[in-house]
Participant: 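Take this structure first; my questions come after.
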There are 2 protein chains.
Amino acid sequence: MQTMMPPGGSKARSQALAELSVLQHQLLTAEKTGQLLEQAQQESLDDTDRANLLEMRRHYDNAVLVPEWLVEAKSLAGARCEHAWRSQRPANDWPGFADNLREVVKLSREEAQIRAQAAGSSRYDALLNLFEPGMRSSDLERIFGDLKTWLPDLLQKVVAKQAQQPCLMPQGPFDVDTQRKLSLSVMKLLGFNFDAGRVDVSAHPFCGGVPEDVRITTRYNDQEFLTALLGIVHETGHARYEQNLPRDWLGQPIAQARSTAIHESQSLLFEMQLARSSDFLKILRPLVVAQFGDQPALEEGNFIRLNQRVKPGLIRVDADEVSYPAHVILRYEIEKALIEGDIEVNDIPALWNEKMQQYLGLDTVGDYRNGCMQDIHWTDGAFGYFPTYTLGAMYAAQLFATIGNALPNLSDDIARGDLSALFHWLQQHIWRHGSRYPTETLIVNATGESLNPHYFRQHLENRYL
Amino acid sequence: MQTMMPPGGSKARSQALAELSVLQHQLLTAEKTGQLLEQAQQESLDDTDRANLLEMRRHYDNAVLVPEWLVEAKSLAGARCEHAWRSQRPANDWPGFADNLREVVKLSREEAQIRAQAAGSSRYDALLNLFEPGMRSSDLERIFGDLKTWLPDLLQKVVAKQAQQPCLMPQGPFDVDTQRKLSLSVMKLLGFNFDAGRVDVSAHPFCGGVPEDVRITTRYNDQEFLTALLGIVHETGHARYEQNLPRDWLGQPIAQARSTAIHESQSLLFEMQLARSSDFLKILRPLVVAQFGDQPALEEGNFIRLNQRVKPGLIRVDADEVSYPAHVILRYEIEKALIEGDIEVNDIPALWNEKMQQYLGLDTVGDYRNGCMQDIHWTDGAFGYFPTYTLGAMYAAQLFATIGNALPNLSDDIARGDLSALFHWLQQHIWRHGSRYPTETLIVNATGESLNPHYFRQHLENRYL
């Protein structure tokens, strides 16, 4: 749908997907399903079955709350909004987009209201819980509140420091077919299983599919290849998690990825912790040169600086890891207010401009396509998703710090292009567990402590100050 | 699945499709569906609704006969057989293939038995009726029996005549990307709507998807481009039928293509009646030369001879239109005996060899991959499908003869590359009617008479003798 479908197929596909989501909802919420879950609860189960049942129960409880008409209406409104967004964004057509988004927000608020009532939580927490079970906005206020105390200052210092370090830009054009070959060679280095997945081109990069057939996408620009390349590394992190979920339980809830934040921790571990480290960039550089030939901007020192550049910009997906949390906090604050009913869709652009100015010092007035229309998430009604990006960055930093302690030769291994010990550690401590443990348990088992934002700050300071 | 899926995704996809086919079957055969159909029968309906209800009834009656387990088992066995066939065919592995095929045949016989009992027909007729409603094997015996009296003789005469006409083969290689560009230019000439479809590469060419998103495929060979090119023309005929089914009723039975034979009549009208005519070849030639440059084999007279060559061969999909019916009769006789229980899977190779010798004078002993393993149809249990290819060729000849009378300037129009009157006629007389009328009525309305094989014989004699 995202990579191959001709535009005329959109309506029929949306209708088919809405129909399927209703059928899926009917099956999951059937009276019989509830009875079977009750029965299973009474049986003597081993740890695995018990964990699986707990996840089934969670899915069932989440699904049974939402009436069928709302599931279908959300799916249709989301598909319509997203499809129109594809042409509205290039046209900077905010009024047109807002019309569709209002419907998505209205339905998302209804869903949030129903879930909040059942959970005894706030509306926003009820949605957040779908992506990151156990996380509350009070936790986010604390974590993001702390970030806001030191991040703008760090950002300023890094930008000032890097202003002293000249950095050459690679000179294109960079042939798209050659970029594709480079992507494939990097995916191979990172252990992507091509028997169980592929890479294509789409408007917005993503990782999707099923563990046996993981589809990742990128978008190429023939004037600049690093964004696509590091995007490939990012999606490959997602893909390897999916491809290594427990095979014996595929199709069962226990074999699903733990949460969106843990998923993001894997992509960011690949992209930020691993691929933008000086160690890795030294082995990435020859792969780039093999495809495009050498040039001054690809000299080792410059290549490292290029990939560790910090430059506040308008586009979240292209942001460096220092300014990225500012994008997330901005969206979190807006979407929380939107779902709680404190603001309306029409209020978004002004708020967006104000916060972009405040957190990143950038002006976005009138530039909707590089402002509040840049992302796909709200079009589908995925409110509560954005915070998981920064939680993921924090989990990634914490995991990589732990791996560094567990594997004293890691730096040498990377220099030799041998990533097997790193991947083995991730396989043992994260991938193979799927959803067997709650996020908290998974992280404590893997790192010895709960989520600790200190590692993220330490990582940024070590790399950039 | 056929064009993009990595091999590791096959099992999960098969399971998902089997699950969907069961859900679809459950919905169609639900008690409630039967009750609604009964109710609708009593209502006062206009002609369109009445025709639509008749088709709904036919789908319901066909579906309600087959138990759910059999639907799922057939889907799974078919997917397994087809997937294994993809590697077994190149390996010429008949014993491996036969193991899977036996299961498909066993389940197809069970289905045929159930349907035959309900219809009071033979087993084979019960399956034939799914593809070509109203057609009986007694009709086929008559039509194919007649063909067998004159076709082998005609074939011999044509081969002898063409032996006197030297024909140069185009010298390759023919770059696959350039072939793709040529395909696109020919699809454009033939009116393919690229907003509602696309062309890709697959092991076995097909036309699939939905009217709003029609997917056609081909397979390129860099030593020989005409097979792929005329294959594209063929699938474009299928595609234009789909893309022009009545928009107001899409998703309803009345908006579906009438039958597999009528579908094939459109592809063969495009490929055989139109594209291999001297008129059309004269405008196709410059498109070919524009991509590959000129060469002696592309001189007009030789280009026409190339595309009207008759040469009995092993592969049905590559066969010329004179020898094609022999391939179909062979498969019809074998699959009928298989379904009726007169032979077993193990008997296929010997029978195949015997009939290839008898009808086409060719030896296939031991060459399973170019013999009984060449086609995909039996792998999916599509018994009763093959006859519709030759019925389609006969409908195509009858339709094109009618069009020739209705459009006295057709030959000049084609020479000017103006196919609009031809497509308008097809739109008015075939495409826009979908399944509103039974095949018999559709053809009588369009041509003034029932299926008359005389037109097919006349076409072959006119073109080739």
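Please read these numbers as outputs of a predicted model, since none were measured by experiment. Below, all heavy atoms of this structure are taken into account, side chains as well, without hydrogens, waters or symmetry copies. The sequence lines fix the lettering, A, B, ..., with proteins before strands; numbering per chain opens at 1.
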Participant: More than 12 foreign heavy atoms under 6.0 Å from CD of A:Gln35: is that the case here?
Facilitator: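 Yes, because the 6.0 Å sphere around CD of A:Gln35 holds more than 12 heavy atoms from other groups.
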
Participant: Taking every non-hydrogen pair under 4.5 Å, which of A:Met5, A:Glu212, A:Lys11 racks up the most with chain B?
Facilitator: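 Max contact count across the listed options: A:Glu212.
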
Participant: I need the residue from B:Gly9, B:Pro6, B:Gly8 with the largest number of non-hydrogen atom pairs under 4.5 Å to chain A.
Facilitator: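 Top option by heavy-atom pairs under 4.5 Å: B:Pro6.
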
Participant: Is it true that, when you exclude A:Arg180 itself, more than 12 heavy atoms of the residues, nucleotides or ligands shown sit nearer than 6.0 Å to its CZ?
Facilitator: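 Result for CZ/A:Arg180: open.
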
Participant: Heavy atoms only, distances under 4.5 angstrom: which of B:Asp195, B:Asp213, B:Leu250 has the most pairs with chain A? Name it, please.
Facilitator: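 The option with the most such pairs is B:Asp195.
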
Participant: Mind listing the closest non-hydrogen atom pair of A:Arg198 and B:Met4 along with its distance?
Facilitator: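 Heavy-atom minimum between the residues: CD-O, 2.9 Å.
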
Participant: Looking only at heavy atoms, which of residues 13-30 of chain A get nearer than 4.5 Å to chain B?
Facilitator: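 The residues closer than 4.5 Å to chain B, in numerical order, are A:Arg13, A:Leu20, A:Leu23, A:Leu27.
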
